[in-house]
Amino acid sequence: MHDMDNFEADIKILDVSYYNHSQKKNGAEEKFPVIEIFGRSRDGESVTLLHPRFYPHFHLLNPTDKAIKELSSDPQVKSVETTELFHEGRQQPALNVTLYVPGDTPQYRDRYGAIAADILFRFRYLYDNDLGYCIHAKGKDLGSKQMAGRSYLTDRIVLLEEVKEVPYFPSPLKIFSFDIENIIGGEILCIGIVSQFGEKRDTCVLEGGERKILEDFARLIKKEDCDILSGYNVCNYDFPYIEGRAARLGLKLDIGRNLRHMRIRQMGGSAKSGEKKQVDKGTNKVVEIAGRIVVDSWYFARKEKRPKRETLSAMAQMILGKDKLPIDNTKLGEAWAKDPIQVKEYCLQDTILSHEILEKIRVIDKYQALASVARLPLFDTFSDRTSVLIDSLFIREADRQGVAVPNTRRSNNGDEEAIEGGYVLQPIAGLYDRVIVFDFASLYPSVILQNNICLTTLSDEGTIVSPLGVKFLAREVKQGMLPRIMSSLLKARRESKKLMKEAKTTDEMEYYNGLQLAQKILANAHFGVFSSKFYRFTDQRIGGSITAFGREGTKRIIQTLQSEGQMIVYSDTDSLFVVSPFQTLDETVAFGQTIAGRFSHGDISLEMEKIINPLFLSSAKKRYFGRIVWAGGLKSEIFVRGFETRRGDSFDLQTRGLETLFEYILSRDQNGALEYCRQMLRDLMSGKVELEDLVISKTAADESSYKVITEETEDTLFGEKNIRERKVADSLPIVQAMKKAEKRGVTISPGMKVSWIVVDSGITPQRVEPYLDGLPFDFSPDYIYYRDRLIDSFLRILNVFNYTVDDLSDNPQLNLFD
DNA sequence: AACTATGGCCACTGTT
DNA sequence: AACAGTGGCCAT
């Protein structure tokens, strides 16, 4: 063993975990937790920081004498301490209880109704030690990779002596992308690998039989000691597949930084009837590897780009402008036997594409910025659970101020009604010149600030009264925690934006841009979390008051402007569409600035976002398009909201047709528009259309999540009740397509897009056939179906100008004789 | 078991 | 033909 060297470095925290240590001390057994911090230093070393003897604690509100007595003499309890906490508007007596073993906490939560008793131990550690994503650590380098019988794979293992948070710094993480090739349901043939650290990139392909491949895979991850493991759909496909194959061969995948096995967790599940599905269908499996972070490039690329088709080839083309080598997955075994070099080339190319997609969309940088703003390990920001981010800021503030922290709510309180949301003004359909779009800057955050909305300011003595009649104390009397956090986030964001503008290099600019975006995301996330039915600090009076203030503000401006004779043609939540009373752009801008100034007060700021000329409003809400002619400066840019061109589940012909139709409408060429639509329908009906243009795609949910409808019918003759169960899934086109795809050897995992073409809509349910990459499509589309859907789409625009289906017909003169 | 909200449009099925 | 129920995706 080495001498113990001093260690000191700046470190980014990737993941935090702990273990229970127990040792003999003077004949007695001493038990304590040891926190394990996994990270990478600014200088590029991987480190494990060990922090022993940090203990778990929680609170009891209004503890009984009996409870205090019991806990004081409980051998599992390290210490108890009386204190006071603010809860439900007043100071209340409380007990702070410290245990030896984190895992004991739930039993005390249940037995004593303890609060702040469901905070994960790693978060408790970070909160209490005031740590964030980036830290400065000092300690003793333990030299050996063994510690108390435990092994770690990092360059350094350090017994922590001093630690403090430092500002976010840019430095590279080690990223490892991979892609497997396997015979469907069978053997893994090879694994392509890209390993990147800063500018340095290495590639290789593992081969030599499945056992060797899997052993090499695990060995390489450990040897390279990567921070991020990535690949295209690795969570739902590659990792589960590898796990399954490794299990068959009896191989261990002990690839965690503490040599713990990787773990795959199934997320989501079925929603109860009448309830919305809570889980983003984009992830249904989560892969956990201690000390490392799994980042599925498919998940983040789809989140960022919302593509219609989500195959690697479609995404690579869209994001990188690169083509993917074609290969028939169903014949991989034969291809491998014939020409393994080609298969390997293909495999590596896929790995590189996935890797470059991840780089291009800058996911790692974005989440690092979020980790630094939310003050959490990178791992926890990647879990995409906003409540974790808000907890990190809010619980710390509550602890500082002695405010009680309830446990996460696990019941819906039964009859609880949803709060009312934003106000949407029915649009006045038409085509308008020079429409000014105003919106409130960060409406809900500024409402929170302006009205000092917080759990801690709710009070009957409050002088700020929300439209719901809920009262909040004025800022001068007591500043709320929520407004305080909001204010510091918004202030920090203004500073980041300023530094971004002053940046001298692109890297510096990106750095501040990432920060200001993260600050914005976090500020906006507060409303959602505090209005959630499940969050620990949820109070409907808060969420309800926030939206009520918002609605009131918007409606008041609409009324005021209307009473002044202005024409408000649309409004949604925090936006207002006002037709300019002036003929020129300059006058319109000046007019808009006056309005924006008039309605901005205190923390609430109404901004002139853009001027649209012309603007088309349909008779439906949330559907409009126009040409932006001004947005802080002159512009000329078409934008669309809501229509099929924005939707991933429309077919390309429909998207293209509408896009062109929009251009005709914006050029005020209605005859051109009609002629164009007629021509497209003619082409379609004469079969002059690519199959690709008729493909419809939607995201498949897990089959078990579809509802089962129970229908009750009464037998008229005998008065018997017949109960029939019907599975919704059975008649959905998407499920039909998924099942047929599987019959043809293409597995579609839930969360991925399924593509199909309608071949017969004359029957119910309609018949569809899957449209599969690399496989022939031997059916004839139902052209009537597609014609009718196109006509419906076109008419939703054209009926604003009083055109009807007859105007889209090729023989309009026939109508004269009707 | 749930771990960010509500408002909204449209496609489709299956009943009346 | 009108409707209720369900699913999916989008606006904010």
Side-chain angles (χ1 to χ4, degrees), chain A residues 118 120 266-281 306 308 383-391 407-412 417-427 439-440 442-444 521-522 524-536 538 540 542-544 546-547 550-551 554 570-575 618-624 640-650 696-701 705-709 711 713 724 726-736 753-754 758 761 763-766 768 785 788-789 792-793 796:
Chain A
D118 64 346
L120 294 183
Q266 182 75 42
M267 301 297 278
S270 56
K272 253 198 216 163
S273 65
E275 271 173 27
K276 199 174 81 172
K277 281 187 204 97
Q278 299 285 339
V279 177
D280 183 336
K281 278 173 289 174
R306 301 168 162 276
K308 258 186 203 176
S383 72
D384 256 9
R385 281 156 61 188
T386 320
S387 59
V388 169
L389 310 183
I390 306 298
D391 264 356
N407 300 326
T408 289
R409 299 177 55 179
R410 287 176 190 286
S411 72
N412 195 347
E417 298 237 339
I419 60 168
E420 191 178 340
Y423 171 69
V424 188
L425 178 71
Q426 185 63 48
D439 68 2
F440 292 107
S442 304
L443 178 63
Y444 291 160
I521 289 168
L522 217 49
N524 286 331
H526 279 79
F527 160 72
V529 172
F530 278 87
S531 307
S532 152
K533 291 198 179 76
F534 306 111
Y535 188 52
R536 63 173 81 246
T538 290
Q540 291 203 301
I542 290 182
I546 294 170
T547 55
R551 286 193 302 278
T554 309
Y570 184 55
S571 165
D572 184 346
T573 309
D574 61 353
S575 67
S618 79
S619 43
K621 294 171 176 175
K622 300 187 190 276
R623 298 195 147 213
Y624 53 92
V640 181
R641 292 289 176 270
F643 285 107
E644 291 89 330
T645 56
R646 299 269 296 190
R647 297 179 61 98
D649 58 353
S650 51
I696 298 170
S697 304
K698 285 189 185 180
T699 309
S705 70
Y706 292 105
K707 286 212 166 126
V708 176
I709 296 172
E711 273 152 356
T713 52
R724 207 161 33 120
R726 177 162 67 82
K727 272 196 196 154
V728 169
D730 288 342
S731 42
L732 286 176
I734 189 170
V735 176
Q736 194 188 139
K753 292 242 158 146
V754 189
V758 176
S761 68
I763 51 171
T764 311
Q766 62 177 213
V768 305
Y785 166 83
D788 290 346
R789 280 203 55 186
D792 286 348
S793 288
R796 278 192 286 270

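None of these values were measured; they are calculated from a predicted model. First the proteins, then the strands, lettered A, B, ... as listed; each starts at 1.
Side-chain contact between A/Phe530 and A/Gln540: absent, with no pair of heavy atoms (C-beta onward) separated by less than 4.5 Å. The side-chain heavy atoms of A/Lys621 and A/Asp572, taken from C-beta on, include no pair separated by under 4.5 Å.
What separates CG of A/Leu732 from C1' of C/dG5 is a distance of 12 Å, to the nearest Å. Going from atom CD of A/Glu420 over to atom P of B/dG8 covers 10 Å, rounded to whole Å. Rounded to a whole Å, the CG atom of A/Asp788 is 16 Å from the P atom of B/dC10. Protein atom CD1 of A/Ile546 is 13 Å distant from nucleotide atom P of B/dA5, rounded to whole Å. Protein atom CZ of A/Phe530 is 14 Å distant from nucleotide atom P of B/dA5, rounded to whole Å.
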Under 3.5 Å, N/O pairs linking protein and nucleotides 10-12 of chain C:
{"from": "C/dC10", "atom 1": "OP1", "to": "A/Arg646", "atom 2": "O", "distance (Å)": "3.2"}
{"from": "C/dC10", "atom 1": "OP1", "to": "A/Gly648", "atom 2": "N", "distance (Å)": "2.8"}
{"from": "C/dC10", "atom 1": "OP2", "to": "A/Arg306", "atom 2": "NH1", "distance (Å)": "2.7"}
{"from": "C/dA11", "atom 1": "OP1", "to": "A/Gly642", "atom 2": "N", "distance (Å)": "2.8"}
{"from": "C/dA11", "atom 1": "OP1", "to": "A/Arg646", "atom 2": "NE", "distance (Å)": "2.8"}
{"from": "C/dA11", "atom 1": "OP1", "to": "A/Arg646", "atom 2": "NH2", "distance (Å)": "3.2"}
{"from": "C/dA11", "atom 1": "OP2", "to": "A/Arg646", "atom 2": "NH2", "distance (Å)": "3.1"}
{"from": "C/dA11", "atom 1": "N3", "to": "A/Lys622", "atom 2": "NZ", "distance (Å)": "3.3"}
{"from": "C/dT12", "atom 1": "OP1", "to": "A/Tyr624", "atom 2": "OH", "distance (Å)": "2.3"}
{"from": "C/dT12", "atom 1": "OP2", "to": "A/Arg641", "atom 2": "NE", "distance (Å)": "3.1"}
{"from": "C/dT12", "atom 1": "O3'", "to": "A/Asp572", "atom 2": "O", "distance (Å)": "3.2"}
{"from": "C/dT12", "atom 1": "O3'", "to": "A/Asp574", "atom 2": "OD1", "distance (Å)": "2.3"}

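In this model, the phosphate group of B/dA2 is not approached by any side-chain N or O of A/Thr408 to a distance below 4.0 Å at OP1 or OP2. Side-chain nitrogen and oxygen atoms of A/Ser731 include at least one within less than 4.0 Å of the OP1 or OP2 phosphate oxygen of B/dG14. Between B/dC10 and A/Arg789, no contact under 4.0 Å exists linking OP1 or OP2 to a side-chain N or O. Within the 4.0 Å cut-off from OP1 or OP2 of B/dC3, not a single side-chain nitrogen or oxygen of A/Ser532 is found. Phosphate proximity of B/dG8 to A/Tyr423: absent, as no side-chain N or O sits under 4.0 Å from OP1 or OP2.
Across the C1' atoms, C/dA11 and B/dT4 are found 16 Å apart, a figure rounded to whole Å.
Here A/Ser650 pairs with A/Thr655 under the side-chain hydrogen bond (donor to acceptor under 3.5 Å, both in side chains) rule; sequence neighbours left out. A search for side-chain hydrogen bond (donor to acceptor under 3.5 Å, both in side chains) contacts involving A/Asn524 returns nothing, not counting sequence neighbours.
Checked for salt-bridge contact, A/Glu644 and A/Arg789 miss the test: no charged N lies under 4.0 Å from a carboxylate O.
Counted by atom type alone, A/Asp391 and A/Tyr535 present one or more donor-acceptor pairs between their side chains at under 3.5 Å.
Rounding to the nearest 0.5 Å gives a distance of 6.0 Å between OG1 of A/Thr554 and CG of A/Leu443.
For A/Tyr785, whose side chain is taken as the heavy atoms from C-beta onward, the closest listed nucleotide among B/dA11, C/dG8, B/dT4 is B/dA11. Checking B/dA5, C/dG8, B/dG7 against the side-chain heavy atoms of A/Ser531 singles out B/dA5 as nearest. In this structure, of B/dT6, B/dG7, B/dC10, it is B/dT6 that holds the atom nearest to the side chain of A/Lys533. The side chain of A/Thr699 sits closest to C/dC9 out of C/dG7, B/dA2, C/dC9.
Toward the 5′ end of DNA chain B lies the nearest nucleotide of A/Phe527, the other residue of the pair A/Gln426 and A/Phe527 mapping further downstream. Of the residues near DNA chain B, A/Val424 and A/Val529, the one whose nearest nucleotide (by heavy atom distance) lies more toward the 5' end is A/Val529.
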